[in-house]
Student: 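Take this structure first; my questions come after.
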Amino acid sequence: MLAAGLLVTGLGACANSDTGGDAGTGGDDKLVLGFSQVGAESGWRTANTTSVKEAAAEAGIELKFDDAQQKQENQIKAIRNFIQQKVDVIAFSPVVESGWDTVLKEAKDAGIPVILTDRAVDSADKSLYKTFLGSDFVKEGRLAGEWLVEETKSATGPVNIVELQGTTGSAPANDRKKGFGEAIAANPNLKIIASQSGDFTRAGGKAVMEQFLKANPKIDVLFAHNDDMGLGALEAITAAGKVPGKDIKIITVDAVKDGMQALADGKFNFIAECSPLLGPQLMDLAKKVHAGEEVPPRIETEETTFTQQTAKEALPTRKY
Ligand code: AHR
């Protein structure tokens, strides 16, 4: 547990921190969890933050929350602050895969267990963290690609695909690209003619799609690594006088409400789900690692896929 003074001093350096409740004292005997979030770049991220905050309150865990505004340096700073504050457990969703070994070693040396949530790191030393809770992003990309292969099986000529990648160097961008690329190799007609990062944001998706449309007269398919970029691209496609979902088929990942609505409305064609509701499992894991219990090194989130029809059916009860 921490001392009040330490908390206030430490958080001053964080990008955007909030501790909620009786933060700063560690209060009673509550487990204290330091959580470094990527940012607020997408609907998925907002739903994930809500899930983490609600689950912490529900589990009686004191949450020290930091928003890194999509910058690795802010996450490293936040983790160092958590170490200085002697939190019980650190969890974080790494904005990019590389460059974490030093700070993770510092947490290990301080005896603070670390849980990776949502995104992985590429550290060779697996002892630097206790577990990784999150999706199989390669699988999500593969499911998206397999749908397209089936959808275009009768195509006799080239099918031109443009790809909106997520944040450069992030696990979901790397893995979704890989899974999609492997799956579409099954049909030689399928060609990625342009691929660029839109940083997982609507604004990024719109701006990059505008460039794609200017540079490429024939685009048949858009694969966007998340709903938000797909939604931004929708605006660019419509502004260019094309009909999204028909002239250009749109495949995305996430299945947040706005994406599901676009799918149900026939503007998107397929979504591979990525669930942001990781909060309850994260709190369970935090309690276990704090108690010194063994936990599995990898916990994969259960997910599905949606077509226009299944999106219509799922929308009324969709939680996020
Ligand atoms: O890491 C999960 C990804 O990050 C989601 O697919 C995306 O929307 C978010 O920004």
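Note that these values count all heavy atoms, side chains included, but never hydrogens, waters or copies made by symmetry. Just follow the structure's listing: the first ligand is 1, and inside any ligand the first atom is 1.
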Student: With Arg318 as the cation and Tyr320 as the aromatic partner, state whether NZ or CZ is under 6.0 Å from the six-membered ring centre and within 45° of the axis.
Tutor: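 Geometry flag: set, cation within 6.0 Å and 45°.
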Student: So which heavy atom in the protein is nearest atom 3 (C) of ligand 1, and how far is it from that ligand atom?
Tutor: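 Sorting protein heavy atoms by distance from atom 3 (C) of ligand 1 puts Arg119 NH2, 3.7 Å first.
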Student: Taking Lys64 first and then Glu62, would you say they form a salt bridge - that is, a charged N and a carboxylate O separated by under 4.0 Å?
Tutor: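 Judged by the 4.0 Å cut-off on N to carboxylate O distance, Lys64 and Glu62 do form a salt bridge.
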Student: For Arg176 and ligand 1, answer yes if some heavy atom of the residue is under 4.0 Å from a ligand atom, otherwise no.
Tutor: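 Yes, Arg176 has a heavy atom closer than 4.0 Å to ligand 1.
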Student: Which of these passes ring pair (Phe, Tyr, Trp, His ring centres under 6.0 Å) with Phe92: Phe65, Tyr129, Trp100, Phe35?
Tutor: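 Answer to the ring pair (Phe, Tyr, Trp, His ring centres under 6.0 Å) test with Phe92 among Phe65, Tyr129, Trp100, Phe35: Trp100.
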Student: How far does CG of Asp88 sit from NZ of Lys30, to the nearest 0.5 angstrom?
Tutor: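 Spacing of CG (Asp88) from NZ (Lys30) equals 12.5 Å.
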Student: Hey, is ligand 1 close enough to Ser42 that some N/O pair sits below 3.5 Å?
Tutor: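 In this structure, Ser42 places an N or O atom under 3.5 Å from an N or O of ligand 1.
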Student: Tell me: protein heavy atom nearest atom 10 (O) of ligand 1, and distance?
Tutor: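 Protein heavy atom with the smallest distance to atom 10 (O) of ligand 1: Glu41 OE2, 2.4 Å.
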Student: Hey, which atoms in ligand 1 end up nearer than 4.0 Å to a heavy atom of Pro172?
Tutor: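 Those atoms are 1 (O).
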Student: Taking only non-hydrogen atoms of Asp254, do any sit less than 4.0 angstrom from ligand 1?
Tutor: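 Right, Asp254 reaches ligand 1.
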Student: Identify which of Asp118, Asp227, Thr46 has a heavy atom lying nearest to atom 2 (C) of ligand 1.
Tutor: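 Result: the heavy atom closest to atom 2 (C) of ligand 1 is in Asp118.
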Student: Would you check if the side chain of Lys77 reaches a backbone N or O of Gln72 as a donor-acceptor pair within less than 3.5 Å?
Tutor: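 Pair absent, no side-chain N/O of Lys77 close to backbone of Gln72.
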Student: Return yes or no for this condition: an N or O of His225 is under 3.5 Å from an N or O of ligand 1.
Tutor: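 No, since none of the N or O atoms of His225 sits under 3.5 Å from an N or O of ligand 1.
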Student: Does the side chain of His225 come under 3.5 Å of the side chain of Glu140 through a donor N or O and an acceptor N or O?
Tutor: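 Looking only at side-chain atoms, Glu140 and His225 do not form any donor-acceptor pair under 3.5 Å.
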